[in-house]
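In what follows, a structure is listed as structure tokens, so that the remarks can point back to it.
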Amino acid sequence: MKSILIINGPNLNLLGKREPDIYGNRSFVDYLKSIEPLFPDVQLRYFQSNHEGELLDKIHELGFDIHGIVINAGAYTHTSIALADALSAVTAPAVEVHISNVHARESFRHHSYLSAKCKGVIAGLGLTGYELAIRYLLTL
Ligand code: DQA
């Protein structure tokens, strides 16, 4: 069975409560439950942390064994060379996801350290971006 790791970074544990006009009013766990039946032959593994080192540790732990990584690193997207290096280090291909259209927001959200290490980027399509990223990874 293929395993896909979904990683959410800082503040994404607050989805549903956090700035709902930008991020919507659904919790990620609720969303994840709703898409699991769409992928009956896939093991979806979910990890969220507000701590950069924990995100690194999870990528190191699973990144050599799983089929692919869907990563929304939250604000670490725009700051973390360490996460970019971790994505380069492991063998699993990654897709970067952002719920909001970061390019339509403040200029500090326009640059991502992760994009160059990922197969592609999905931004602005809400939570649906995660499902689309999984579907793409399963084509690899
Ligand atoms: C985000 C966009 C980031 O700029 C922001 O820091 C987040 C969420 C998104 O999913 O739209 O925390 O990654």
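These values consider heavy atoms only, across backbone and side chains, with no hydrogens, waters or symmetry-generated copies. Order of listing sets the numbers, starting from 1, for every ligand and every atom in it.
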Which one holds for Val102 and ligand 1: side chain close, backbone close, both close, or neither close, with close meaning a heavy atom under 4.0 Å?
side chain
Element-labelled atoms of ligand 1 that are located less than 4.0 Å from some non-hydrogen atom of Asn72:
1 (C), 9 (C), 10 (O), 13 (O)
Closer than 4.0 Å to some heavy atom of Tyr23 - which atoms of ligand 1 meet that?
5 (C), 7 (C), 8 (C), 9 (C), 11 (O)
Can a non-hydrogen atom of Thr77 be found less than 4.0 Å from any atom of ligand 1?
no
Below the 3.5 angstrom mark, is there an N/O of Arg109, backbone or side chain, next to an N/O of ligand 1?
yes
Atom 11 (O) of ligand 1: the protein heavy-atom neighbour that sits closest, reported with distance to 0.1 Å:
Ser100 OG, 2.6 Å
For atom 4 (O) of ligand 1, what is the closest protein heavy atom, and at what distance to 0.1 Å?
His78 NE2, 2.7 Å
If we check side chain to side chain contact (heavy atoms under 4.5 Å, CB included) with Phe28, which of these qualifies: Leu15, Leu12, Asn13?
Leu15
Between Asn8, Leu44, Ile4, which is the residue that forms a side chain to side chain contact (heavy atoms under 4.5 Å, CB included) with Tyr130?
Asn8
Under 3.5 Å, is there a donor-acceptor pair between the Asp41 and Gln43 side chains?
no
Tell me whether Arg18 forms a cation-pi arrangement with Tyr23, defined as NZ or CZ under 6.0 Å from the six-membered ring centre and within 45 degrees of its axis.
yes
Parallel, tilted or perpendicular: which fits the ring planes of His111 and Tyr113, with parallel below 30° and perpendicular above 60°?
perpendicular
Ring-plane angle category for Phe108 and His78, please: parallel below 30°, perpendicular beyond 60°, tilted otherwise.
perpendicular
Got an N/O contact under 3.5 Å between Ile99 and ligand 1?
yes
Identity and separation of the nearest protein heavy atom to atom 1 (C) of ligand 1:
His98 ND1, 3.7 Å
Does Arg18 come within less than 4.0 angstrom of ligand 1, counting non-hydrogen atoms of the residue?
yes
Cut-off 3.5 Å, side chains only: do Thr77 and Glu96 have a donor facing an acceptor?
no
